[in-house]
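See below for the structure under consideration.
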Amino acid sequence: MKRLDPAKIFTEFRDNVSPVGPIRGRKYTVTHSDDTAELFVTIGTQFAEDMIGALRDEVRLEYVWNNNNKLQLRGTALVDGENVSGNSKMRNEIFLREMPTALQAVRYGDRKLFERFRELDNIPIYIWMQSENEEFNKLYDFGTMKDYI
């Protein structure tokens with residue numbers, strides 16, 4: 001896994017969400033610039049629709065409690081569908097290849113929350129690659145945040 005340059009990660013907190021809470025309702029929108037290789041992590045109670053570009057290459061993540069009342073970090077990435085251009089196979093491969101980078105950016109950008117609540121490093125991360133094509137429409141297990149420190 002390649003190491004991120006912290007100088008290229010920009011974090012913005014919105015909706016009265018602070019660097020240390022709350023966890024419940026906390027949502028991440030991860031976007032990037034192809035030109036500068038900068039990563040943008042927007043953290044709030046809503047996904048940052050204004051940060052999402054025409055290419056639809058964002059990653060959305062949020063904390064949810066499963067049926068057993070266990071906390072998980074769940075996310076989505078849009079492989080294809082309405083208003084999404086590009087080859088589905090290629091987009092899927094890019095998302096799978098770059099997801100560790102996006103997760104590193106979240107871990108770094110929200111590091112004060114992870115320092116305060118160390119147990120968050122151990123919760124499972126599941127990301128659904130959303131696709132109209134059954135071959136790519138899958139849920140992936142990306143381990144835990146401790147894998148991305």
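If you read the sequence from its start, that first residue is 1, and numbering goes on from there.
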Candidate pair V59 and E98, rule side-chain contact (heavy atoms from CB on, under 4.5 Å), full reasoning: CA-CA 10 Å; V59 175; E98 297 299 330; over 6 Å; no
Trace of the salt bridge (charged side-chain N to carboxylate O under 4.0 Å, His left out) decision for E58 with R60: CA-CA 7 Å; E58 78 278 0; R60 299 172 187 231; 3.5 Å; yes
side-chain contact (heavy atoms from CB on, under 4.5 Å) between T11 and D110, intermediate numbers included: CA-CA 8 Å; T11 305; D110 210 11; 6.0 Å; no
From CA spacing to verdict: side-chain contact (heavy atoms from CB on, under 4.5 Å), R97, I94: CA-CA 5 Å; R97 182 179 66 238; I94 291 169; 3.5 Å; yes
side-chain contact (heavy atoms from CB on, under 4.5 Å) between D121 and R107, worked out: CA-CA 9 Å; D121 276 329; R107 179 60 177 76; 2.7 Å; yes
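Checked by atom type and distance alone, the side chain of S131 never pairs as donor or acceptor with a backbone atom of F136 at under 3.5 Å. A donor-acceptor pair under 3.5 Å is formed between the side chain of D5 and the backbone N or O of A7. With hydrogens and angles ignored, the 3.5 Å screen pairs a side-chain donor or acceptor of R26 with a backbone N or O of P22.
Counting heavy atoms of neighbouring residues, nucleotides and ligands inside a 6.0 Å radius, atom CG of D141 exceeds 12 of them. The 12-atom threshold is not exceeded at CD of E134, counting heavy atoms of other residues, nucleotides or ligands nearer than 6.0 Å. More than 12 heavy-atom neighbours from other residues, nucleotides or ligands sit within 6.0 angstrom of NZ on K8.
Under a 4.0 Å N-O distance rule, the pair R91/D57 does not qualify as a salt bridge. Ionic pairing of R14 and E12 is present here: one or more N-O contacts between side-chain nitrogen and carboxylate oxygen are shorter than 4.0 angstrom. One finds no salt bridge joining D15 and K27 here, because no Lys/Arg side-chain nitrogen approaches an Asp/Glu carboxylate oxygen to under 4.0 Å.
With rounding to the nearest 0.5 Å, the separation of CG in L61 from CG in L73 is 5.0 Å. Rounded to the nearest 0.5 Å, atoms CG (D80) and CD (Q130) are 9.5 Å apart. In this structure, F10 CZ and L39 CG are separated by 9.5 Å, a value rounded to the nearest 0.5 Å. Between atom CG of residue N133 and atom NZ of residue K89 there is a gap of 11.5 Å, rounded to the nearest 0.5 Å. In this structure, the separation between CG on L55 and CG on L78 is 11.5 Å, given to the nearest 0.5 Å. Of the inter-residue distances, the one linking F47 atom CZ with I52 atom CD1 reads 8.5 Å to the nearest 0.5 angstrom.
Contact annotation: the side chain of N137 never approaches that of E132 to less than 4.5 Å [non-hydrogen atoms, C-beta and beyond]. Residues I149 and K146 meet the side-chain proximity criterion, which asks for heavy atoms closer than 4.5 Å. Looking at heavy atoms from C-beta onward, V106 lies in side-chain contact with M145 at the 4.5 angstrom threshold.
F142 and D147 make their closest contact through O-OD2, 4.1 Å (heavy atoms, listed as atom of the first residue, atom of the second, distance). Scanning all heavy atoms of the two residues, the minimum distance from Y148 to Q104 falls at O-CG, 3.5 Å. Annotation for V20 and F117: closest pair O-CE1, 3.4 Å, computed over non-hydrogen atoms. Taking each heavy atom of I123 and L71 in turn, the nearest pair found is CB-O, 3.6 Å. The two residues T144 and N122 come nearest to each other via the heavy atoms CG2-O, 3.5 Å. When all heavy atoms of W128 and L139 are compared, the closest pair comes out as N-CD1, 3.8 Å.
Here F114 and Y108 keep their ring centres 6.0 angstrom or further from each other.
Under a cutoff of 6.0 Å and an axis angle of 45°, R24 and W65 form a cation-pi pair.
Residue M129 is not grouped with residue V84 when hydrophobic side chains (ILVMFWY) are merged at heavy-atom distances under 4.5 angstrom, including chains of intermediate members. Both Y63 and Y140 sit in one connected hydrophobic cluster of ILVMFWY residues. Membership requires side-chain heavy atoms under 4.5 Å apart, directly or through other members. Linking Ile, Leu, Val, Met, Phe, Trp and Tyr residues whenever their side-chain heavy atoms come within less than 4.5 Å places L113 and I9 in a single cluster. Criterion: ILVMFWY side-chain heavy atoms under 4.5 Å apart, direct or through other members. Under it, I23 and I125 are part of a common hydrophobic cluster. Two different hydrophobic clusters hold F95 and F40 under the rule that ILVMFWY side chains link at heavy-atom gaps under 4.5 Å.
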